[in-house]
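So that the names make sense, note that chain A is the first sequence line, chain B the second, and so on, each numbered from 1.
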Amino acid sequence: MRLSAYLLPTLKENPAEAQIVSHRLMLRAGMIRQHAAGIYTWLPLGLRVLRRIEQIVREEQDAAGAQEILMPTIQSADLWRESGRYEDYGKEMLRITDRHDRAMLYGPTHEEVVTDIFRQNVKSYRDLPRMLYQIHWKFRDEVRPRFGVMRGREFLMKDNYSFDLDHAGARRAYHRMFIAYLRTFARMGVKAIPMRADAGPIGGDMSHEFIILAATGESGVFCHRALVDKPVPEKVDYTADLQPLVDEWTALYAATDEKHDPQSEQVKALGDTLIAARGIEVGHIFHFGRKYSDPMKAVVAGPDGEPVTVEMGSYGIGVSRLVGAIIEASHDEAGIIWPESVAPFAVGLINLKTGDALTEATCQNLYDRLQRAGVDVLYDDRPDRAGAKFAAMDLIGLPWQVIVGPKGLEHGRVEVKNRATGAREDLSPEAVVDRLRSR
RNA sequence: CGGGGAGUAGCUCAGACUGGUAGAGCAUGGCGUUUGGGACGCCAGGGCCGCAGGUUCAAAUCCUGUCUCCCCGACCA
């Protein structure tokens, strides 16, 4: 992509409305624009990141055996009356009346819709287990939206719902998602620690929040040192018993500050293996049994022909929130530092002197060859000053910069800079493509 | 929903207290000088001063109402 033809409205100054670093950087880097409180337009650069995160989530969900569907954003109130939540859900639910005076709502979540789909279409224990997920926009009319996309009213979420014949099956589904989540966040280049969460009236150990560690995180967290760099499982066989793998993670202490008790024996025993950090919740997995299948009569025929009410769980990932959370975890004074796996482009190609014949030709050649090699390039071909281009490229945080100017070319060299480390290499233009292809 | 703050050019903000023809920097367009870390000079365009009402000869400025946005708290992915 040529920057001269790309909508990338970067800002030199911090917009007054943005307080936290990810919100400021997303506005300054031209990723988003606010439309109303907690509601945003995603501009081309921001959308690219959102799509890449979405795709990682999708691949890991599919690998864990879930199937993607797409449910409506606007739902009928009828289903919610059936589950009993229409009256319970407060003003966070955006209620809409259509032209025929029917009660509708913009979905804040989708348990009712997915349970309805399930009960209509799945009738036998032979069809279990099932996991159905979607990546879709939801709306919760938060009293106080803030932190940019980290706590918007409209947000993109992956929500998965599991259906099992019994509690043992539900536990297997839970474990599959537990492991899938570890892999998902690791692929995005962030450290996400599973922490036991409130399981509400269900109780038990079947609810975990996944929290990304970031110095500017919203809540304090405490965990065993070993969790921070614990390697995430590779090549998982999702048909195997995953309990031992999950136990390895849940055995180590981890708690958010509201659950953390410094006086407890367990915490005291940790000594200096306990670390305090800050974090941002980006995922939540939850077993809720028959909370919806019971009132909504999601029932299948069991092996003996008797009806069985299915066991359910739900598994959320805040996809749009992750964009902000990753920035909180990965930035510096100059701007964003994208992990390679979610970067909007892999490489920023900087032409330091447009109009200079050799510089132009070298840039054009690199641009073509990088694209042919399958490397996503953003080519800054604008006739701006060098300083402005450096600043803009650092701000938007592409992992690699290829810097081409007359001074280097005099010696047959261009510069390759790594955004994260700042390390620079002088290479011949010919060597650049191989260098970046093998990154 | 309680408490606080702010709405003036695309962005950051002055002007308001003490009413009198709407400003600066950045950004945008033109010209020139520059050119390896957000350059400099000259010129130009761009504003129902959030909206409505009131006071006044006269309102960005004073008064009332209202809408919107931000921050702290409670709440939440």
Side-chain angles (χ1 to χ4, degrees), chain A residues 9-20 23-24 27-30 33-39 57 89-93 108-110 135-160 181 192 197-198 207-212 217-219 256 258 279-286 314-325 333-335 350-356 359 380 382-396 401-411 413-415 417 422 424 426:
Chain A
T10 57
L11 303 173
K12 194 151 57 170
E13 290 173 282
N14 282 321
E17 76 218 43
Q19 299 301 315
I20 63 158
H23 190 194
R24 285 206 295 255
L27 289 166
R28 287 192 53 208
R33 284 295 180 265
Q34 179 161 316
H35 173 83
I39 302 178
V57 170
Y89 223 101
K91 296 178 88 170
E92 284 188 354
M93 184 154 78
T109 180
H110 283 74
I135 298 172
H136 208 15
W137 293 93
K138 299 193 186 321
F139 192 92
R140 290 181 196 169
D141 199 359
E142 297 281 344
V143 201
R144 192 187 155 207
R146 59 183 127 168
F147 306 148
V149 299
M150 298 249 287
R151 184 147 169 218
R153 290 192 291 173
E154 187 177 62
F155 55 98
L156 187 63
M157 185 176 179
K158 185 281 297 179
D159 47 322
N160 184 1
Y181 274 38
D198 245 330
S207 178
H208 283 86
E209 292 175 352
F210 285 73
I211 295 182
I212 282 185
E218 59 195 348
S219 51
T256 56
E258 60 254 23
I280 301 163
E281 184 185 348
V282 289
H284 195 164
I285 60 178
F286 193 74
S314 74
Y315 316 89
I317 290 180
V319 175
S320 47
R321 160 176 270 211
L322 264 166
V323 180
E333 296 300 305
I350 302 180
N351 182 333
L352 288 179
K353 195 174 174 90
T354 54
D356 177 79
T359 307
D380 192 346
R382 300 173 303 177
D384 283 12
R385 302 172 59 81
K389 294 187 176 195
F390 288 133
M393 203 55 87
D394 284 347
L395 173 63
I396 68 173
Q401 297 173 12
V402 176
I403 300 162
V404 181
K407 289 188 186 171
L409 290 175
E410 266 178 41
H411 308 99
R413 297 277 135 175
V414 300
E415 197 172 61
K417 176 184 151 185
R424 296 159 188 273
D426 276 327

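Gly408(A) comes within contact range of at least one nucleobase, with a heavy-atom separation under 4.0 Å. Within the 4.0 angstrom heavy-atom criterion, no nucleotide atom of any strand lies near Ile317(A).
Side-chain proximity of Leu395(A) to the nucleotides rC71(B), rG38(B), rC75(B) is greatest for rG38(B). Side-chain proximity of Pro15(A) to the nucleotides rU12(B), rA77(B), rC70(B) is greatest for rU12(B). Among the nucleotides rC70(B), rC75(B), rU35(B), the one closest to the side chain of Glu17(A) is rC70(B). Candidate nucleotides rA77(B), rA74(B), rG38(B) were compared by shortest atom distance to the side chain of Ala392(A), and rG38(B) ranks first. Of the candidates rC1(B), rC13(B), rC75(B), the closest approach to any side-chain atom of Ala16(A) belongs to rC13(B). Nearest to the side chain of Glu142(A), among rC1(B), rG36(B), rC76(B), sits rC76(B). Distances were taken from every side-chain heavy atom of Ala36(A) (C-beta onward) to each of rG36(B), rC69(B), rC13(B); the shortest belongs to rC69(B). Closest to the side chain of Ile403(A), out of rG36(B), rC71(B), rG38(B), is rG36(B). Side chain of Lys12(A), nearest nucleotide from rC70(B), rA27(B), rA74(B): rA27(B). Across rC1(B), rU35(B), rC69(B), the shortest atom-to-atom separation from the side chain of Val143(A) is found for rC1(B).
In this structure a side-chain-to-backbone donor-acceptor pair under 3.5 Å is missing from Arg146(A) to Gln19(A). Remark: side-chain polar atoms of Tyr315(A) are not paired, donor with acceptor, to backbone N or O of Gly283(A) under 3.5 angstrom. Formation of a donor-acceptor pair under 3.5 Å by the Asp380(A) side chain with backbone atoms of Arg382(A) is found in this model.
Pair assignment for rA39(B): rU33(B), on the basis of Watson-Crick or G-U wobble contacts that are both within less than 3.5 Å. Base pairing analysis places rG45(B) opposite nothing; no Watson-Crick or G-U wobble pair with both distances below 3.5 Å involves it. With a cut-off of 3.5 Å on both Watson-Crick or G-U wobble distances, the partner of rC13(B) is given as rG23(B).
The base of rG25(B) sits within donor-acceptor range of the side chain of Glu13(A), with an N or O pair under 3.5 Å. Side-chain to base pairing of Arg151(A) with rC75(B): one donor and one acceptor N or O lie within less than 3.5 Å of each other.
rA74(B) and rU55(B): their P atoms are spaced 46 Å apart (whole Å). Atom C1' of rG19(B) sits at a distance of 27 Å from the matching atom of rU12(B), rounded to the whole Å.
Electrostatic pairing of Glu154(A) and Lys138(A) does not count as a salt bridge here, judged by no charged N lying under 4.0 Å from a carboxylate O.
Contact check, Gln19(A) against rC72(B): no side-chain N or O comes under 4.0 Å of OP1 or OP2. Checking the phosphate oxygens (OP1, OP2) of rA39(B), a side-chain nitrogen or oxygen of Arg385(A) falls inside 4.0 Å.
For the residue pair His136(A)/Lys158(A), the side-chain donor-acceptor check at 3.5 Å is not satisfied. Donor-acceptor pairing under 3.5 Å is recorded for the side chains of Ser207(A) and His284(A).
Sequence order on RNA chain B of the closest nucleotides to Phe155(A) and Gln34(A) puts Gln34(A) first from the 5' end. Along RNA chain B, the nucleotide closest to Phe147(A) and the one closest to Lys389(A) are compared, and the more 5′ of them pairs with Lys389(A).
Between the P atom of rU12(B) and the CZ atom of Arg24(A) lies a distance of 13 Å, rounded to the nearest Å.
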